[in-house]
2 protein chains.
Amino acid sequence: MKHSRNSVTSIEVAKLAGVSQSSVSRAFSHEGPVSVKTRRKVLDAARKLGYQPNAMARSLITRRTSMVGMVIANVHNNPFYTEVLDLLSRKFQKLGQKVMLFIVNRDQNLDDILPQLLEYQVEGILVTAATLSSTMAEECERWGRPVAMINRYVPGVHASWFCCANYEGGKMVAKLLLDANHQRPAFLAGSEDTTTSIDRERGFMEILNQEKVEALREIGEYTYQDAYDAAIRLLDRKDPPDAIFCANDIMALGVMDAAKNGLGLKIPEEVSIIGFDDIPMSSWSSYSLTTVRQPIQRMVDASVEELLNRIENPEREPLQEVIPGELVIRGSARMPGGLSSGWVISQDR
Amino acid sequence: MKHSRNSVTSIEVAKLAGVSQSSVSRAFSHEGPVSVKTRRKVLDAARKLGYQPNAMARSLITRRTSMVGMVIANVHNNPFYTEVLDLLSRKFQKLGQKVMLFIVNRDQNLDDILPQLLEYQVEGILVTAATLSSTMAEECERWGRPVAMINRYVPGVHASWFCCANYEGGKMVAKLLLDANHQRPAFLAGSEDTTTSIDRERGFMEILNQEKVEALREIGEYTYQDAYDAAIRLLDRKDPPDAIFCANDIMALGVMDAAKNGLGLKIPEEVSIIGFDDIPMSSWSSYSLTTVRQPIQRMVDASVEELLNRIENPEREPLQEVIPGELVIRGSARMPGGLSSGWVISQDR
DNA sequence: TATGTTAATGAAAAGGTATTCATAATTTAG
DNA sequence: CTAAATTATGAATACCTTTTCATTAACATA
């Protein structure tokens, strides 16, 4: 026999089990008192009919859905966010939350996504690699739907966010390059309008300026190909840089390919390359990229826990945190003479 | 003012607009007749109150949710499935479907996922890179929840599926290698229990057997690292292979790194490497991997359309399709002398 | 045994919408 | 200008749960 849709209701189960519908509900929801005898009867009947409580009906009365919205960009062209997506999803699952997923473009306006999320009564929204406008975030929060962001923040917004210490990361890289006696560094920006790229550059430039070192600059739009092209432009000048700090790893890999295979340069002898993220490919022997590892697990854990926390306690004020990254020294950048010079060399994972 | 949860109902809107609740519903659902005047009044009031229809309540009565379940594995360690996830999600979005996402392990049992999907009344389920047991699939279908799979099938199962022509792909690769005069090919399997790996190997071996060519064999579990290790074992023997066909690209990249950087071999002069998938990295200049491109866009389009189609027409029989892949000739495999020999050389995307 | 407590049960209401049906308003045809 | 047909509206119902409340059964205490 073929059921057109799942039409088995608690009433039918009740009938078969010879109890009231209320008892069926109690047997399933672990709330309220049920005798072991009726529970058994109910579960037997339910199994026989293939009954399953209807989450929609339940949510209508409990006003809880156990659903969260997840908005993520850049998932296909940056393995870092693939990993974030993976970890987020699994963490939510483990904590009993259902995930409603929206994949967007980095620069996409979320104004048409939000209504859908709210319509479906998600209890909270997690945004990463995309930016929720300040007004939109306020709107969500005002309706009791907490928002948490990863690696993105909006000044003064009433929402939680968790970022890698991008500014400090940029500083670390600059110090490393100067210590290793680089004379002519360059910065390869991601997208001009992302705080991640901006902050990494700010930290980087801050140190260089202190030492009165000027830096070249190009834009790679956070993609392999744009970075490859930018690297060619950069390295093909009469006065090429001797080091390139890229706003993320995927660009750094593009730059390495451009330098090595495009222009036949030796890395790190002729040019040092440093990235940011520490995606899996950075440790591959073809690249061996020196980079700043983002504390991805901690960012994920913190943001999920914070989000669920604020769902349970709506009065709680949103939390924001900057979590330090760590330098991962591999082979793509020349090292300071001593090497001992106090650098923390992180192990590969 | 802070609303505890979204508590604005159609009744409040009706009150403010001075119409009945029914009219509010009609104004929003584009069903039934509404005069332009009342529609305007309703929408005005709704905007003022920040009203949004409650999808849970709606689904309860319409018995439709516009939600589909998406179960995907391997998303973090195989860029191919990252892209599938991305395309699937966007396609569903474009067609007005909400996606409930579950990320699982390849070998994970889906028995605990399914009840959750059914509980939340998804109207269909799309599974990729994971396997739904035959009985589970039947169960879903029996309750009117169509199932579609990408790159996975279960013999005799009553579900839709769309696969790349893995068997034929394996044959193509074998022919190419033989034509280019390779004497000692090897196959690097993914996971032993996946039809993708099995079918690719079957096609590959079929041609080799025809020509009485024996092949070496190793297992790489579909990961870069395992493949790297397997390649070392393979290439470090006294009688190493002169070609390695890998069950997917990510393994092929591991094999290339092992050969080039681990053992100092020249590719393709000393060993040819061929992959399967055509992930973005395969076209990077450090690899330039010859591979079989999966028709990812077509598989995604077909499976989504088929799933929605069967949701609308539950009586329709599930459709299955094998879609041919195409050989992408790059630089990681020695070519037949003529090169003209009739090979379709695909352009990079 | 009588009485007071606690546990178990069922009837009924509530949650927010879509939809049916009957009625009212409007338009069209004659 | 009336009758007929059409369109717009509102009241009431249904969707499937959870939960409250009142009632009954079971149990323990004196």
Side-chain angles (χ1 to χ4, degrees), chain A residues 3-43 45-46 49-67 115 118-121 123 143-144, chain B residues 3-43 45-46 49-67 115 118-121 123 143-144:
Chain A
H3 308 248
S4 65
R5 302 267 177 209
N6 190 343
S7 53
V8 182
T9 85
S10 60
I11 297 182
E12 303 176 41
V13 175
K15 213 166 286 173
L16 178 61
V19 301
S20 75
Q21 183 269 341
S22 323
S23 295
V24 176
S25 170
R26 279 190 280 256
F28 270 89
S29 65
H30 308 287
E31 296 290 331
V34 202
S35 72
V36 296
K37 200 174 53 177
T38 58
R39 151 162 285 131
R40 200 165 35 70
K41 282 194 290 185
V42 167
L43 296 184
L49 298 176
Y51 169 76
Q52 187 110 39
N54 182 324
M56 308 290 114
R58 184 205 343 258
S59 88
L60 201 52
I61 180 137
T62 60
R63 292 155 162 285
R64 300 296 304 264
T65 59
S66 297
M67 291 174 62
L118 298 179
E119 185 183 1
Y120 276 78
Q121 316 290 317
E123 301 192 57
W143 292 106
Chain B
H3 308 247
S4 66
R5 300 269 178 208
N6 189 344
S7 53
V8 183
T9 84
S10 59
I11 297 182
E12 302 177 42
V13 175
K15 214 166 284 172
L16 178 59
V19 300
S20 74
Q21 182 268 335
S22 323
S23 295
V24 176
S25 170
R26 279 190 280 256
F28 270 90
S29 65
H30 308 286
E31 296 290 333
V34 202
S35 72
V36 297
K37 201 174 55 177
T38 57
R39 151 162 283 130
R40 201 168 32 71
K41 282 195 290 184
V42 167
L43 295 184
L49 296 176
Y51 169 75
Q52 187 109 40
N54 182 324
M56 307 291 114
R58 185 206 342 257
S59 88
L60 202 51
I61 180 143
T62 60
R63 292 155 161 286
R64 300 296 304 265
T65 59
S66 297
M67 292 175 61
L118 299 179
E119 185 183 0
Y120 277 78
Q121 315 291 317
E123 300 192 55
W143 291 107

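Proteins come first, then strands; the chains are lettered A, B, ... in the order of their sequence lines, and each starts at number 1.
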- Keeping the roles fixed (side chain from B:Y51, backbone from B:V42), state whether a donor-acceptor pair exists under 3.5 Å. no
- Task: Write down the distance between CD (A:Q52) and C1' (D:dC16), rounded to a whole number of angstrom.
- Result: 14 Å
- Query: B:P33 side chain: which of D:dC16, D:dG10, D:dA8 is closest?
  - Reply: D:dA8
- Query: Looking only at side-chain N and O atoms, does A:R63 come under 4.0 Å of OP1 or OP2 in C:dG16?
  - Reply: yes
- Looking at the side chain of A:S23, which of C:dT17, C:dG10, D:dT18 is the nearest nucleotide? C:dG10
- Separation between CE of B:M56 and CD of A:E119, rounded to the nearest 0.5 Å: 8.5 Å
- Does the base of C:dA11 carry an N or O that pairs as donor and acceptor with the side chain of A:S22 under 3.5 Å? yes
- Query: Atom CG of B:L49 and atom OG of B:S7: how far apart are they, to the nearest 0.5 Å?
  - Reply: 10.0 Å
- Grab the CD1-P distance between B:I11 and C:dT17 for me, whole Å please. 8 Å
- Query: Which part of the nucleic acid, if any, lies within reach of B:V19 when heavy atoms closer than 4.0 Å are counted: base, sugar-phosphate only, or nothing?
  - Reply: sugar-phosphate
- Task: Round to the nearest Å and state the distance from A:E119 atom CD to C:dG16 atom C1'.
- Result: 13 Å
- Query: Nearest-Å distance, CD (A:E12) to P (D:dC15)?
  - Reply: 11 Å
- Item | Distance in angstrom units between B:R26 CZ and D:dT9 C1', rounded | 6 Å
- Message: Side-chain N or O of B:T62 versus OP1/OP2 of C:dA18: is the shortest distance under 4.0 Å?
- Response: no
- Which part of the nucleic acid does A:T38 contact within heavy-atom distance under 4.0 Å: base, sugar-phosphate only, or nothing? sugar-phosphate
- Message: What is the distance, to the nearest angstrom, from the CD atom on B:Q21 to the C1' atom on C:dT20?
- Response: 13 Å
- Using a heavy-atom cut-off of under 4.0 Å over every strand shown, decide if B:V34 touches base, sugar-phosphate, or nothing. sugar-phosphate
- Query: Would you find a donor on one side and an acceptor on the other, under 3.5 Å apart, between the side chain of A:E123 and the backbone of A:T65?
  - Reply: yes
- Task: Compute whether any side-chain donor of one residue and acceptor of the other, for A:S22 and A:S25, lie under 3.5 angstrom apart.
- Result: no
- In whole Å, what is the span from the CG atom of A:L60 to the C1' atom of C:dG16? 5 Å
- Selected nucleotide, minimal atom distance to A:R58 side chain, candidates C:dT9, D:dT17, D:dT7: D:dT17
- With nearest nucleotides of DNA chain D determined for B:I61 and B:G18 from heavy-atom distances, which residue corresponds to the more 5′ nucleotide? B:G18
- Would you mind telling me which of C:dG16, D:dT9, D:dG10 lies closest to the side-chain atoms of B:S35? D:dT9
- Task: Using whole Å, report how far CE of A:M56 lies from P of C:dG16.
- Result: 16 Å
- Residue A:T9, side-chain atoms from C-beta onward, closest of C:dT17, C:dA18, D:dC16: D:dC16
- Task: Choose from C:dA18, C:dG16, D:dG10 the nucleotide whose nearest atom is closest to any side-chain atom of B:S29.
- Result: C:dA18
- Task: Using modelled atom types only, decide if a donor and an acceptor are shared between the side chain of B:R64 and the backbone of B:S59 within a distance under 3.5 Å.
- Result: no
